[in-house]
There are 2 protein chains.
Amino acid sequence: MVSCKIDQELNELSIRTGNACVGFNLRKTSRLLMRLYDQAFKPIGLKGTQFSLLMAVAGYKDATIGELSQPLCMERSTLSRNIAVLQKKGLVTIEEGEDRRQQRIRITDSGVSVLQEALPLWQGVQESLAGELGEERITNLLKDLHNLSQLLKEK
Amino acid sequence: MVSCKIDQELNELSIRTGNACVGFNLRKTSRLLMRLYDQAFKPIGLKGTQFSLLMAVAGYKDATIGELSQPLCMERSTLSRNIAVLQKKGLVTIEEGEDRRQQRIRITDSGVSVLQEALPLWQGVQESLAGELGEERITNLLKDLHNLSQLLKEK
DNA sequence: CTTTAATATAAGTATATACACATATTAATT
DNA sequence: AATTAATATGTGTATATACTTATATTAAAG
């Protein structure tokens with residue numbers, strides 16, 4: 001039957017496509033890796049994503065939602081909600097700027113101290129990855145990700 | 001003041017860490033790329049993630065949630081919900097297996113025809129990436145992602 | 001100075017994700 | 001056969017993500 005042939009083709013195609021698809025593989029690896037970070041940060045009640053965001057808040061001082069959204073490549077509405085989670089945990093404050101449309105985000109003392117606890121945990125994951133995958137492969141991967149995201153940012 | 005020094009250190013550290021963090025960069029690139037796929041699939045009302053999942057359903061015939069969850073590296077509960085979205089769209093069916101705990105997932109005719117529309121759209125993105133980033137870099141990235149996910153699966 | 005346009009953020013809606021726990025079903029033990 | 005253990009999936013809860021739309025504020029045009 002023709003339908004069986006089409007099915008068979010689709011069957012093989014789907015496997016090939018899954019292997020070749022940058023999006024699928026990026027996302028799949030992301031799922032696996034984020035679970036590892038989440039485990040590592042569990043003792044201090046943080047998620048991997050929250051660690052990243054808190055680090056960004058620490059790095060870009062008194063930034064607005066819009067300013068933060070650019071280096072993070074995150075939708076402002078998404079960022080707004082993610083910041084609210086950190087605020088609820090008492091790790092950042094949100095204050096109205098001179099321009100009263102803007103909200104300026106600042107890390108709290110509690111946020112700094114959580115970061116100080118988090119850093120060695122992050123480093124543990126990072127070193128474990130470097131150890132098992134090799135420093136060079138990590139560097140390579142980071143370079144490739146950087147190239148790809150640069151390219152995508154221009155769209 | 002001491003606190004200023006600490007702040008300054010944290011400031012620089014956060015930038016360095018952001019650049020070096022595999023998790024952050026993987027996720028950031030993922031965000032950017034998935035937006036591109038979502039745009040591409042928009043004409044047929046599909047998201048990038050849904051395309052991947054539907055392809056997997058087509059590839060692993062009559063698979064259960066548990067069986068699908070392994071190659072996708074996705075939590076079974078997550079998969080369960082994602083499959084429900086495809087079912088709501090009429091793209092897959094969910095039927096009780098011989099073992100009545102299991103649910104067997106099957107692509108529908110409508111699902112096949114959506115996939116056939118989706119494939120050229122996917123290919124468009126894939127070729128655009130290969131064109132702009134270079135075939136070799138794509139291959140390299142895929143290899144690195146594969147290595148990393150293999151490593152993470154063993155944890 | 002008033003109206004209009006631009007900008008910054010939040011809220012509404014939908015999906016993706018995972019962990020912990022609950023439920024149903026099958027397999028294993030005694 | 002009855003009880004217990006293992007397995008497959010779904011639900012509750014919380015967060016992450018983005019698009020669209022709403023709201024408030026500032027800037028620009030007239």
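Below, chains carry the letters A, B, ... as their sequence lines are ordered, and counting in each starts from 1.
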Map A/Leu32 and A/Gly66 onto DNA chain C by nearest heavy atom, then report which one ends up closer to the 5' terminus. A/Gly66
Side-chain N or O of A/Ser77 closer than 4.0 Å to phosphate OP1/OP2 of C/dA10: no
Path from A/Val85 to A/Ile44 over hydrophobic side-chain contacts below 4.5 Å: no
With a 4.0 Å cut-off on heavy atoms, is A/Met74 in touch with a base, just the backbone sugar-phosphate, or nothing at all? sugar-phosphate
By nearest-heavy-atom nucleotide on DNA chain D, the more 5' of B/Gln103 and B/Arg27 is B/Gln103
Expressed in angstrom and rounded to an integer, what is the separation of B/Ile65 atom CD1 from C/dA18 atom P? 14 Å
Residue-phosphate contact under 4.0 Å: A/Gln39 side-chain N/O, C/dA18 OP1/OP2: no
Rounded to whole angstroms, how far apart are CD1 on B/Ile94 and P on D/dA8? 17 Å
If you compare every side-chain N and O of A/Lys47 against the phosphate oxygens of D/dT17 (OP1, OP2), does one of them come in below 4.0 Å? no
For A/Thr29 versus B/Ser149, what's the shortest heavy-atom pair and its separation? OG1-CB, 3.9 Å
Is the phosphate of D/dT9 approached by B/Arg76 (side-chain N or O, under 4.0 Å from OP1 or OP2)? no
Can you see if the side chain of A/Arg81 gets near the phosphate of D/dA18 - specifically, an N or O under 4.0 Å from OP1 or OP2? no
If only side-chain N and O atoms of A/Gln50 are considered, is one of them under 4.0 Å from the OP1 or OP2 phosphate oxygen of D/dA16? yes
Whether B/Glu67 and B/Arg104 form a salt bridge (side-chain N of Lys/Arg under 4.0 Å from carboxylate O of Asp/Glu) is what I want to check. yes
If hydrophobic clusters are built from ILVMFWY residues whose side chains come within less than 4.5 Å, do B/Ile107 and B/Leu121 share one? yes
Starting at atom CD of A/Glu75, determine the distance to atom P of D/dT21, rounded to an integer number of angstrom. 14 Å
Could you tell me the separation between the NZ atom of A/Lys42 and the C1' atom of D/dT15, rounded to a whole number of Å? 14 Å
Passes side chain to side chain contact (heavy atoms under 4.5 Å, CB included), A/Glu117 versus A/Phe41? Steps please. CA-CA 9 Å; A/Glu117 291 181 283; A/Phe41 291 128; over 6 Å; no
Are A/Lys88 and D/dT15 close enough that a side-chain N or O sits under 4.0 Å from OP1 or OP2? yes
Distance, rounded to the nearest Å, where A/Leu79 contributes CG and D/dC19 contributes P: 14 Å
If the cut-off is 4.0 Å, is A/Asn82 near the phosphate of D/dT17, judged by side-chain N/O to OP1 or OP2? yes
Does A/Thr64 make a side-chain N or O approach to OP1 or OP2 of C/dA8 shorter than 4.0 Å? no
Is B/Thr78 near enough to C/dA18 that one of its side-chain N or O atoms lies under 4.0 angstrom from OP1 or OP2? yes
Side-chain donor/acceptor contact of B/Arg101 with base of D/dT9 under 3.5 Å: no
Just how far, in rounded Å, is P of C/dA14 from CZ of B/Phe41? 22 Å
Heavy-atom pair with the smallest gap, counting every atom of A/Tyr37 and A/Gly48: CB-CA, 4.1 Å
Look at the side-chain N and O atoms of B/Lys89 and state whether any lies under 4.0 Å from the OP1 or OP2 oxygen of C/dT15. no
Would you please confirm or rule out a distance under 4.0 Å between OP1 or OP2 of C/dA18 and any side-chain N or O of A/Arg35? yes
Just the rounded figure in Å: distance from P of C/dA18 to OH of A/Tyr37. 16 Å
In whole Å, I'd like the distance from the CG atom of A/Leu33 to the C1' atom of C/dT17. 14 Å
